[in-house]
Amino acid sequence: INYKSITGVIDLVCQHKQSKEFYLFDYKFTENPKTYDDIFLDEQLKIYAYLMNKTFWIDYDKINVGYISIPKKQIDYPQILKNGTLSKSKSQQTTYELYVELIDKLKLDKNDYLDILEYLHDIQYIKTIISKVDEEQVLKTILNLENTIYNMDNSKLMYCNNSAKCKNCDYIKECKY
């Protein structure tokens with residue numbers, strides 16, 4: 001890429017022992033888990049794949065990208081109702097383990113909570129989604145990025161996120177921040 005400076009951090013890079021394939025993950029704190037459509041549309045993951053290819057000479061067919069979706073809401077114990085029982089609401093951000101722990105702590109009958117426990121048993125709050133990299137899509141994204149940077153260089157408009165990295169920015173003299 002012909003650029004002055006691009007910075008970024010890949011949240012997690014893993015390599016499978018047998019296949020030697022690489023997995024590049026981006027953590028997303030979100031209300032709704034990411035989907036395959038999100039991966040297809042995500043330029044950031046494609047840029048990561050490009051940089052892995054160019055920096056470490058890893059073939060695109062050995063690169064996978066994905067998300068680790070983490071809920072924004074905190075996982076907590078189930079709600080204790082005024083009558084001393086536990087709420088059976090499925091909208092609670094709790095886990096099977098936390099629910100059982102509180103049943104035991106409050107000395108409640110686990111049989112009274114079989115429906116909600118069955119529901120919670122299959123819930124995964126942290127979800128992973130992975131996709132193979134499409135080299136053609138990666139190269140299209142890089143071309144679009146190069147065009148965007150070129151247009152930024154040749155316009156009076158500045159795209160700034162006003163961060164701690166500003167002191168090392170190539171555009172510091174032109175920037176209004």
Side-chain angles (χ1 to χ4, degrees), residues 6-53 55-56 58 60-134 137-138 141 145 159-166 168 177:
I6 295 177
T7 60
V9 175
I10 301 173
D11 291 328
L12 179 64
V13 178
C14 302
Q15 185 178 26
H16 193 274
K17 285 183 180 181
Q18 285 82 28
S19 71
K20 303 296 183 198
E21 290 189 15
F22 284 85
Y23 295 83
L24 314 178
F25 289 103
D26 193 31
Y27 298 140
K28 294 294 182 190
F29 293 88
T30 181
E31 297 289 328
N32 301 308
K34 295 295 185 176
T35 67
Y36 286 105
D37 288 342
D38 293 322
I39 291 176
F40 180 77
L41 296 171
D42 191 316
E43 293 180 339
Q44 180 180 358
L45 293 173
K46 292 178 182 90
I47 293 168
Y48 289 165
Y50 178 82
L51 294 172
M52 288 293 288
N53 171 268
T55 305
F56 301 107
I58 300 166
Y60 287 108
D61 65 345
K62 292 282 188 185
I63 301 174
N64 302 277
V65 294
Y67 296 112
I68 297 175
S69 295
I70 303 167
K72 280 186 177 180
K73 292 182 181 177
Q74 181 177 345
I75 307 298
D76 206 351
Y77 286 97
Q79 181 182 8
I80 302 173
L81 302 175
K82 289 180 183 178
N83 65 5
T85 64
L86 300 180
S87 170
K88 296 178 183 178
S89 170
K90 293 180 179 178
S91 65
Q92 298 180 92
Q93 290 287 117
T94 191
T95 65
Y96 176 89
E97 292 79 12
L98 290 175
Y99 211 100
V100 169
E101 183 181 329
L102 200 52
I103 288 172
D104 293 342
K105 183 178 178 182
L106 298 174
K107 296 181 176 33
L108 299 171
D109 185 354
K110 191 174 180 180
N111 291 321
D112 293 338
Y113 299 94
L114 293 179
D115 287 344
I116 187 69
L117 289 174
E118 183 179 333
Y119 170 78
L120 290 172
H121 191 267
D122 297 328
I123 297 290
Q124 288 183 302
Y125 285 104
I126 298 176
K127 297 186 179 182
T128 304
I129 188 165
I130 302 167
S131 179
K132 293 295 262 177
V133 168
D134 181 333
Q137 290 298 316
V138 168
T141 297
L145 177 61
Y159 302 90
C160 180
N161 66 358
N162 197 17
S163 73
K165 297 176 185 169
C166 287
N168 297 320
Y177 290 101

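As a basis for the values below, the full set of heavy atoms in this structure was taken, side chains included, without hydrogen atoms, waters or symmetry mates.
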If you measure from [atom1] on [X] to [atom2] on [Y], what distance do you get to the nearest 0.5 Å?
X	Y	atom1	atom2	value
Tyr67	Thr128	OH	OG1	13.0 Å
Tyr125	Leu120	OH	CG	6.0 Å
Lys73	Gln92	NZ	CD	11.0 Å
Lys127	Asn32	NZ	CG	9.5 Å
Phe22	Ile58	CZ	CD1	4.0 Å
Asp134	Lys46	CG	NZ	8.0 Å

List the atom of [X], the atom of [Y], and the distance in Å for their closest heavy-atom pair.
X	Y	answer
Ala49	Ile63	O-CD1, 3.6 Å
Lys20	Lys17	NZ-O, 3.2 Å
Pro33	Ser69	CA-OG, 3.6 Å
Leu102	Pro78	CD2-O, 3.6 Å
Ser89	Ser87	N-OG, 3.2 Å
Leu98	Ile75	CD1-CG2, 3.9 Å

**Q.** Verdict with reasoning, Ile126 to Ile68, per side chain to side chain contact (heavy atoms under 4.5 Å, CB included)
**A.** CA-CA 7 Å; Ile126 298 176; Ile68 297 175; 3.7 Å; yes
Under a 4.5 Å cut-off applied to non-hydrogen side-chain atoms, are [X] and [Y] in contact?
X	Y	value
Lys34	Ile39	no
Phe25	Ile130	yes
Lys88	Asp115	no
Gln93	Pro71	yes
Ile47	Leu145	yes
Val13	Met52	yes
Ile116	Lys90	yes
Lys132	Glu21	yes

Q: Give a yes-or-no answer on whether the side chains of Asn83 and Thr85 include a donor-acceptor pair shorter than 3.5 Å.
A: yes
Q | Where at least one partner belongs to residues 82-101, residue pairs that pass ring-ring contact (aromatic ring centres under 6.0 Å, His included), sequence neighbours excluded | A |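 Sorted pair list: Tyr96-His121, Tyr99-Tyr113.
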Q: Take Ile10 and Asp26 through the test side chain to side chain contact (heavy atoms under 4.5 Å, CB included) and record every step on the way to the result.
A: CA-CA 6 Å; Ile10 301 173; Asp26 193 31; over 6 Å; no
Q. Counting only N and O atoms by type, is there a donor-acceptor contact under 3.5 Å from the side chain of Thr35 to the main-chain atoms of Asp38?
A. yes
Q | Side-chain donor or acceptor of Lys107 paired with backbone N/O of Asp104 under 3.5 Å | A | no
Q) Would Ile103 and Asp112 count as a side chain to side chain contact (heavy atoms under 4.5 Å, CB included) if you check the C-alpha gap in whole Å, the side-chain angles of each, and the deciding distance to 0.1 Å? A) CA-CA 10 Å; Ile103 288 172; Asp112 293 338; over 6 Å; no
Q. In terms of heavy-atom contacts, does CD of Glu118 have more than 12 from other residues, nucleotides or ligands at under 6.0 Å?
A. no
